[in-house]
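The structure displayed is predicted, hence computed values, not measured ones.
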Amino acid sequence: QVQLVESGGGLVQPGGSLTLSCAASGSIFSIKGMGWYRQAPGKQRELVAAVTSAGSTNYADSVKGRFTISRDDAKNTVYLQMNSLQSEDTAVYYCNFKIQVRRASELLNYWGQGTQVTVSS
């Protein structure tokens, strides 16, 4: 069993900052990709940022220069530092890990429970 637990969401004013974190626990052999997705009301879930096991990152165009993704492999944790937040960033944010639970097993997708980020004055 693998569990992902997110924290750090909340209400913030436009221009403010928040940091999200997501920690994995359980039967884990290795974690390959880590990422953050978001889903606003009435919209599809979209990729916000991702980081590979080698440390390569990619970002949605809408968050480039404002958001930073990072990972701490010793803690099985991924972070999303969000600066200069805008109302358009309001959404439920989900972390996603691609995990091998045993050596040579396939990669499986695991999702966090979601955390609400609301940007409003």
Exercise: identify the closest heavy-atom pair between V78 and S70: CG2-O, 3.2 Å

Hydrophobic cluster membership, V101 vs F29, 4.5 Å side-chain cutoff: no

Any donor-acceptor pair under 3.5 Å from Y59 side chain to I69 backbone: yes

Side-chain touch R66/M82, heavy atoms, less than 4.5 angstrom: no

Heavy-atom closest pair, residues F97 and C22: CZ-O, 3.7 Å

OH-CG distance between Y110 and L4, expressed to the nearest 0.5 angstrom: 9.5 Å

Cluster check L20, F67: I/L/V/M/F/W/Y, side chain < 4.5 angstrom: yes

Shortest non-hydrogen separation from A91 to Q116 and the atoms involved: O-NE2, 3.4 Å

Atom pair OG/CD of S105 and Q100 - distance to nearest 0.5 Å: 5.0 Å

Cluster check V119, L18: I/L/V/M/F/W/Y, side chain < 4.5 angstrom: yes

Heavy-atom pair with the smallest gap, counting every atom of S17 and N83: OG-OD1, 2.9 Å

Within 6.0 angstrom of Q86 CD, more than 12 heavy atoms from elsewhere: yes

W36 reachable from V51 in the ILVMFWY side-chain graph, under 4.5 Å edges: yes

CG on D73 to CE on M34, rounded to 0.5 Å: 5.0 Å

Contact summary for V2 and S27, nearest pair of heavy atoms: CG2-O, 3.4 Å

No-hydrogen, no-angle side-chain donor-acceptor test under 3.5 Å, Q13 and S121: no

L47 CG to N58 CG distance, which is reported to the nearest 0.5 Å: 5.5 Å

Check: L80 and R38 side chains under 4.5 Å, non-hydrogen atoms: no

For the student: nearest non-hydrogen atoms of V63 and V48, plus distance: CG2-O, 3.6 Å

Side chains of S25 and Q3, donor plus acceptor under 3.5 Å: no

Rounded distance [0.5 Å steps], CD in E46 versus CD in Q39: 9.5 Å

Sidechain-backbone polar pair: Q113 side chain, E6 backbone, donor-acceptor under 3.5 Å: yes

Trace of the side-chain contact (heavy atoms from CB on, under 4.5 Å) decision for L11 with S120: CA-CA 7 Å; L11 173 64; S120 175; 4.2 Å; yes

Residue pair K98 / N109, side-chain heavy-atom distance below 4.5 Å: yes

Cluster check L85, V92: I/L/V/M/F/W/Y, side chain < 4.5 angstrom: no

Polar side-chain atom of R71 near backbone of G33 as donor-acceptor pair, under 3.5 Å: no

Euclidean distance, Y79 OH relative to T19 OG1, rounded to 0.5 Å: 10.0 Å

